[in-house]
Amino acid sequence: QVQLRESGGGSVQAGGSLKLACAASGRSVSVYGMGWFRQAPGKEREFVAAISWSGRSTEYADSGKGRFNISIDNAKNTVYLQMSSLKPEDTAVYYCASDPRPFYSGPYRSSVNFDSWGQGTLVTVSS
């Protein structure tokens, strides 16, 4: 059974930074790609970033390019999302997700391909 646990959310002022972490169990991040999605109040869930099993392939939504960085730590079986220059429109619940296709290198943008999700962590950016 795959379990994903996010951490690192919180409240920050615009321009600040946060680093989210997602600890995985039951599935290795060195075999399966991982993604981050977010859902703001009243809006649909949207893709934020994804990383392949090798770490060599990454994808970002246009909203986060140049500001967000996704990475993996194989030893900790954890995926991270470093967010900087945060804006109020980044306010959302952030979810990590695991793709069930081993050694698949993307693309990952569609949430329908991810079969395991964390419970989410809230990020609030104030102006």
Side-chain angles (χ1 to χ4, degrees):
Q1 182 180 0
V2 180
Q3 292 187 329
L4 305 174
R5 179 169 295 181
E6 301 97 335
S7 61
S11 297
V12 64
Q13 289 190 330
S17 300
L18 280 175
K19 187 173 184 178
L20 307 183
C22 173
S25 61
R27 184 177 286 172
S28 174
V29 301
S30 62
V31 177
Y32 299 90
M34 299 290 292
W36 286 96
F37 293 77
R38 69 186 183 186
Q39 187 166 19
K43 295 187 177 181
E44 294 187 352
R45 183 170 56 192
E46 63 177 3
F47 171 79
V48 175
I51 187 166
S52 66
W53 60 276
S54 65
R56 290 193 291 266
S57 177
T58 58
E59 300 170 29
Y60 296 93
D62 289 343
S63 59
K65 283 182 180 177
R67 301 188 299 124
F68 294 177
N69 184 68
I70 188 171
S71 61
I72 53 175
D73 184 329
N74 291 328
K76 295 182 178 180
N77 210 37
T78 297
V79 59
Y80 300 97
L81 184 68
Q82 175 70 54
M83 304 184 293
S84 59
S85 301
L86 284 163
K87 306 174 182 179
E89 50 264 43
D90 293 318
T91 295
V93 177
Y94 284 71
Y95 300 90
C96 72
S98 177
D99 189 290
R101 295 168 287 184
F103 305 114
Y104 176 73
S105 295
Y108 290 102
R109 290 175 178 265
S110 176
S111 64
V112 300
N113 294 316
F114 291 86
D115 70 344
S116 299
W117 296 82
Q119 81 288 349
T121 187
L122 177 63
V123 172
T124 303
V125 184
S126 57
S127 58

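As the structure is a prediction and not an experimental result, all values here were calculated from the model.
With rounding to the nearest 0.5 Å, the separation of CG in Leu86 from OG1 in Thr91 is 8.5 Å. Note that the SG atom of Cys22 and the CG atom of Asn77 stand 9.0 Å from one another [nearest 0.5 Å]. Here Asp90 contributes atom CG and Leu18 contributes atom CG; the two are 10.0 Å apart, rounded to the nearest 0.5 Å. Interatomic distance, OG of Ser71 versus CD1 of Ile51, reported as 6.0 Å (0.5 Å rounding). In this structure, Glu46 CD and Ser63 OG are separated by 5.5 Å, a value rounded to the nearest 0.5 Å. Taken from CD1 in Ile70 to CE in Met83, the straight-line distance is 11.5 Å, to the nearest 0.5 Å.
A continuous path of hydrophobic side-chain contacts links Tyr108 to Trp117 [ILVMFWY only; heavy atoms under 4.5 Å]. Clustering ILVMFWY residues whenever any of their side-chain heavy atoms sit less than 4.5 angstrom apart, transitively, puts Tyr80 in a cluster other than the one holding Val123.
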Working note: Ser98 + Leu4, criterion side chain to side chain contact (heavy atoms under 4.5 Å, CB included); need CA distance, chi angles, decisive distance, verdict. CA-CA 8 Å; Ser98 177; Leu4 305 174; 4.1 Å; yes
For Phe114 and Met34, run side chain to side chain contact (heavy atoms under 4.5 Å, CB included): C-alpha distance rounded to whole Å, both residues' side-chain angles, the deciding distance at 0.1 Å, then the answer. CA-CA 8 Å; Phe114 291 86; Met34 299 290 292; 5.7 Å; no
Would Leu20 and Phe68 count as a side chain to side chain contact (heavy atoms under 4.5 Å, CB included) if you check the C-alpha gap in whole Å, the side-chain angles of each, and the deciding distance to 0.1 Å? CA-CA 11 Å; Leu20 307 183; Phe68 294 177; over 6 Å; no
After noting the C-alpha distance and the side-chain angles of Tyr32 and Tyr104, does the key distance pass the side chain to side chain contact (heavy atoms under 4.5 Å, CB included) rule? CA-CA 7 Å; Tyr32 299 90; Tyr104 176 73; over 6 Å; no
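Annotation: side-chain hydrogen bond (donor to acceptor under 3.5 Å, both in side chains) contacts of Ser25 (sequence neighbours excluded): none. Among residues two or more places apart in sequence or in another chain, the side chain to side chain contact (heavy atoms under 4.5 Å, CB included) test is passed with Glu89 by Lys87.
Partner of Asn74 under the side-chain contact (heavy atoms from CB on, under 4.5 Å) criterion, chosen from Ser54, Ser30, Ser28: Ser30.
Between Phe37 and Tyr95, a ring centre-to-centre spacing not shorter than 6.0 Å is recorded. Taking the six-membered ring wherever Trp is involved, the centroid distance between the rings of Trp53 and Phe103 falls below 6.0 Å.
Residues Glu59 and Arg109 come closest through the heavy atom pair OE1-CG, 3.4 Å. In terms of heavy-atom proximity, Arg27 sits nearest to Ser116 at NH1-OG, 4.0 Å. Considering all non-hydrogen atoms of both residues, Val29 and Ala24 come closest at CG1-CB, 4.2 Å. Among all heavy-atom pairs drawn from Gly26 and Val2, the shortest one is O-CG2, 4.0 Å. Summarising the geometry of Pro88 relative to Ser127, their closest heavy-atom pair is CG-CB, 3.9 Å, with the distance given to 0.1 Å. Closest of all the heavy-atom pairs between Thr78 and Ala21 is CG2-CB, 4.2 Å.
Under a 4.0 Å N-O distance rule, the pair Arg101/Asp115 does not qualify as a salt bridge.
Side-chain contact annotation: Tyr94 with Arg38, donor-acceptor N/O pair under 3.5 Å present. For the 3.5 Å distance criterion, the side chains of Arg67 and Ser84 fail to qualify, holding no donor opposite an acceptor.
Side chains of Leu81 and Val48 form a contact here, defined as non-hydrogen atoms less than 4.5 Å apart. By the 4.5 Å heavy-atom criterion applied to side chains, Gln119 and Glu6 are counted as neighbours.
Under a 3.5 Å cut-off, the side chain of Ser52 and the backbone N or O of Ser57 do form a donor-acceptor pair. Listed for the Thr124 side chain is no donor-acceptor partner under 3.5 Å among the backbone atoms of Ser11.
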